[in-house]
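The basis for the numbers below is simple: all heavy atoms, side chains too, and nothing from hydrogens, waters or symmetry mates.
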Amino acid sequence: MNDKILEQLEFYKVTDLLTPYLQTMQGKMELDQIRPMTDYRRITASLAEVEDMSRIFIQSHSFSLGELQDVSESLKRLELSADLNVAELQAIKRILLVSSECKRFYDELENVTVDFLQPLFEKLDVFPQLQGALQAISDSGFVEDFASSDLTRIRRKIADSERAVRETLQDILKKHGDMLSEHLIVSRAGRSVLPVKNTYRNRISGIVHDISASGNTVYIEPRSIVSLNESITQLRADERYEVTRILHELSDLLRPQTNHIRNNAWILGHLDFVRAKYLFMREHDAIIPNLSENKVIQLLNVRHPLLEHPVPNSLYFGEQLTSIVITGPNTGGKTIMLKTLGLAQLMAQSGLPILADAGSWVSIFTEIFADIGDEQSIEQSLSTFSSHMTQIVSILDNANENSLVLFDELGAGTDPKEGASLAMAILEHLRLSGIKNMVTTHYPELKAYGIETAFVENASMEFDATTLSPTYRFLQGVPGRSNAFEIARRLGLPEIIVTDAENQTDKESDVNRVIERLEEQTIESRKRLERIREVEQENLKFNRAVKKLYNEFSHARDKELDKVYRDAKTIVEKAKEESDRILKQLNAKSQLKPHEVIEAKKELDQLVKDPSLSQNKVLKKAKKAKAQRVARIGDDIIVTSYGQRGTIIRQLKDGRFEAQVGLIKMTLNSDEFTLVHSQKETSKPIQRKQVKVIKKANQKAPRARLDLRGMRYEEAMQELDRFIDQALLNNMAQVDIIHGIGTGVIREGVTKYLRRNKHVRNFSYAPQNAGGSGATIVTLG
């Protein structure tokens, strides 16, 4: 298909309408490369994929892939033996995760036929081992401590050294606070220093790193922490070396699978592109047209996609019909009809839905040519007529029986009689060559040509004589008529003048009266056809209503489950609050030991079961459905004992699971890990993220880290309370709480809880390289 027609009909402006619906870079690249196709099978498959996507949305109205980056350059670098950085590994990790989720989503589809999308879902490769290894890269773009034992050791030493530096500086703050310009620890050149008043600079021994602009403050690194800071600097270098080694090892793991990852990225991008086409179709009330193999075009209530309020029109181009000649005055929408026909063909042949009613048909043309608009060539010193004729000559040289030709104001720009004769000669050439064409003209001679010539049909744009304005309605089979006399009367031209003019053109008046009767008959026929279509539309509306009811029922069910869940949580919360109050009173009045209080709380937890909830059918059903969700290969997990993320790569014969946790493989029982639910699962109200509670005080490897990310506030606070209790029972001195940054609600709740818990000695945010303000380190005592 020639590129010029795409520009003339503003095809790329139409494709831009799909951009807001795309989520992936690969999908956007595919949209940029879209071109009309000429192969029947490819067009059929492309349109059928959109129908498959519509069936998927009936069952899963929230199908989504999420944002995916272009990884093509990263994969090329891997193939050239280069190592990837953290951001690149993070993007590939996301590709592997979404591939696994899409594969699972397809496996769980029920009673949905997706014949054309099925091969795409089935060709997605899943790499549990790679997924697990890439868990060493956090979602925030940070290499996790557990990526290697050396990195864990180095970061632990860094944390210990930084803690020692802070404690030393805090002691100096307390002892020599009067010598400091501010009671705080600041950083200069990556070193922790104290802002000392210049008059006391010789009282605190150390290295001066900076002086304030006023000269009143010097920033001194006390000698007592110089060796510690030197040690931290060396450890930071060791950390960088170890991170580089880990990135190299991860890159080596990915290298053999670059082709599979590239294929996955393309499939996900294509699914995103098909999803965008469906959303465009739904939003713009478009349809998937039928494809004709015998050059039949039937467009029902077709609309121009770029107009804000387009007037729908129907057009029928039969197999034998060669030319449609639209006659009549200008400003009636003739050019828009040409462009609408051309755009409908371009969109359909590109695999895009068209803005028309169901039952529409399009054909397949190897080329579409158009001569539209005023294209006077100043550079070539050509007149409007010469410029148009140059284009027409080029079109006639290249068009054949598989082409569609669109001519706007054929023969214009020269003597009317010569122009009309030339236009009829060109139309005759196209007719004899079997080339389908649509032409607009204001020459009255072409009306007779359309009536007298076989396989040629007249058409016009309706004009409202009452309002003296065009209606932009297309009238096929009716030639355009002149409204000059009627307009002149309504505008106040004396009747005697109008009558005299009519008498001088009796023949033309007779023709106009015939055309007027034809218009009336056509309008009546159109009304009858519209009534028939109304019945068809009612049937379609009924079908849509059934689908809508199904979706509403599905939403209502989800809301009901969520309501029941929240009600249940409220009852449990109230009971828990009451039990905590009773336990606090007991603890205040007696000498109960901490472990006795915790055991009593556990017993009370078992009592918080409302009989009405245990009999609730909705909750029973949700609980049963949740219980059926067992771990499978490719699932992301959190190892309970260590709080680390991994991926299941194999199920052993004895029922245990083998998991890849960073660069380490682990064998786990089903009760030693928690599933990390995908976005699709967590979107369901009853399926909330589960975090296992540490089981017993005598557990071999008690958990020292709690991850609260993704939880609701109430759920997070309950989990935090249980976690601290278990940590005390296991005599833990220090624990980590990961709460993320987000809106800060969970972080604030954690801070308030720790402040009022008398068993918490102190707490502070983690170092920047270990989560910063997204994690809190707690010392118990």
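- Remark: side-chain polar atoms of Asp272 are paired, donor with acceptor, to backbone N or O of Thr24 under 3.5 angstrom.
- Remark: Gln129 engages Ile649, Gln660, Lys665 in a side chain to side chain contact (heavy atoms under 4.5 Å, CB included) (not counting sequence neighbours).
- For Phe657, the ring pair (Phe, Tyr, Trp, His ring centres under 6.0 Å) partners are Phe673, not counting sequence neighbours.
- The closest donor-acceptor contact from the side chain of Lys93 to the backbone of Ile137 lies under 3.5 Å.
- Between the side chain of Thr152 and the main chain of Asp145, a donor-acceptor pair closer than 3.5 Å is present.
- Asp150 is linked by a side chain to side chain contact (heavy atoms under 4.5 Å, CB included) to Ser148, Arg153, Glu242, counting only residues two or more places apart in sequence or in another chain.
- For the salt bridge (charged side-chain N to carboxylate O under 4.0 Å, His left out) test, no residue two or more places apart in sequence or in another chain qualifies with Asp125.
- Residues Tyr200 and Leu180 are not in side-chain contact: their nearest non-hydrogen atoms beyond the backbone lie 4.5 Å or more apart.
- With no hydrogens or angles considered, no side-chain donor-acceptor pair links Arg656 and Thr667 at under 3.5 Å.
- When only modelled atom types and interatomic distance are considered, His260 and Asn264 share no side-chain donor-acceptor pair under 3.5 Å.
- For Asn202, there are no side chain to side chain contact (heavy atoms under 4.5 Å, CB included) partners two or more places apart in sequence or in a different chain.
- With salt bridges taken as basic N to acidic carboxylate O contacts below 4.0 Å, none links Arg722 and Asp725.
- In this structure, Ile92 CD1 and Leu97 CG are separated by 13.5 Å, a value rounded to the nearest 0.5 Å.
- With sequence neighbours excluded, the residues satisfying salt bridge (charged side-chain N to carboxylate O under 4.0 Å, His left out) with Glu73 are Lys76.
- Annotation: the span from Ile638 atom CD1 to Arg705 atom CZ amounts to 10.0 Å, rounded to 0.5 Å.
- In this structure, Ile724 and Tyr753 have side chains that are in contact, with non-hydrogen atoms separated by less than 4.5 Å.
- Residue Lys103 places its NZ atom among more than 12 non-hydrogen atoms of other residues, nucleotides or ligands, all under 6.0 Å distant.
- A salt bridge links Arg255 to Asp83: one of the charged nitrogens lies within less than 4.0 Å of a carboxylate oxygen.
- The two residues Pro256 and Leu253 come nearest to each other via the heavy atoms CD-O, 3.4 Å.
- Of the possible donor and acceptor atoms, one in the side chain of Ser251 sits under 3.5 Å from a partner among the backbone N and O of Leu247.
- Between Val186 and Val193 the shortest side-chain heavy-atom distance falls below 4.5 Å.
- Screening Ile232, Ile207, Ile225, Asn229 for a side chain to side chain contact (heavy atoms under 4.5 Å, CB included) with Arg191, the sole residue that qualifies is Asn229.
- In terms of heavy atoms, Leu235 sits closest to Ser161 at CD1-OG, 4.1 Å.
- Not a single side chain to side chain contact (heavy atoms under 4.5 Å, CB included) links Ser149 to another residue, sequence neighbours left out.
- Arg163 and Glu167 are not joined by a salt bridge, as no carboxylate oxygen comes within less than 4.0 angstrom of a charged side-chain nitrogen.
- Minimum interatomic distance between Leu151 and Glu239 (heavy atoms only, all atoms of both residues): CD1-CG, 3.9 Å.
- For Asn263, there are no side-chain hydrogen bond (donor to acceptor under 3.5 Å, both in side chains) partners, not counting sequence neighbours.
- Contacts of Asp171 classified as salt bridge (charged side-chain N to carboxylate O under 4.0 Å, His left out), with partners at least two apart in sequence or in another chain: none.
- With sequence neighbours left out, the salt bridge (charged side-chain N to carboxylate O under 4.0 Å, His left out) criterion links Arg188 to Asp210.
- To the nearest 0.5 Å, atom CD of residue Gln170 and atom CD1 of residue Ile172 are 10.0 Å apart.
- A donor-acceptor pair under 3.5 Å links the side-chain atoms of Gln23 to the main chain of Gly66, judged by distance alone.
- Side chains of Leu194 and Tyr219 form no contact here, defined as non-hydrogen atoms less than 4.5 Å apart.
- Between Arg104 and Asp635 there is a salt bridge, since a side-chain N of the basic residue sits under 4.0 Å from a carboxylate O of the acidic one.
- A donor-acceptor pair under 3.5 Å is absent between the side-chain atoms of Thr258 and the main chain of Leu254, judged by distance alone.
- The minimum heavy-atom distance linking Glu88 with Leu84 is given by the pair OE1-CA, 3.3 Å.
- Partners of Gln651 under the side-chain hydrogen bond (donor to acceptor under 3.5 Å, both in side chains) rule, at least two apart in sequence or in another chain, do not exist in this structure.
- With sequence neighbours excluded, the residues that form a side-chain hydrogen bond (donor to acceptor under 3.5 Å, both in side chains) with Ser212 are Ser214.
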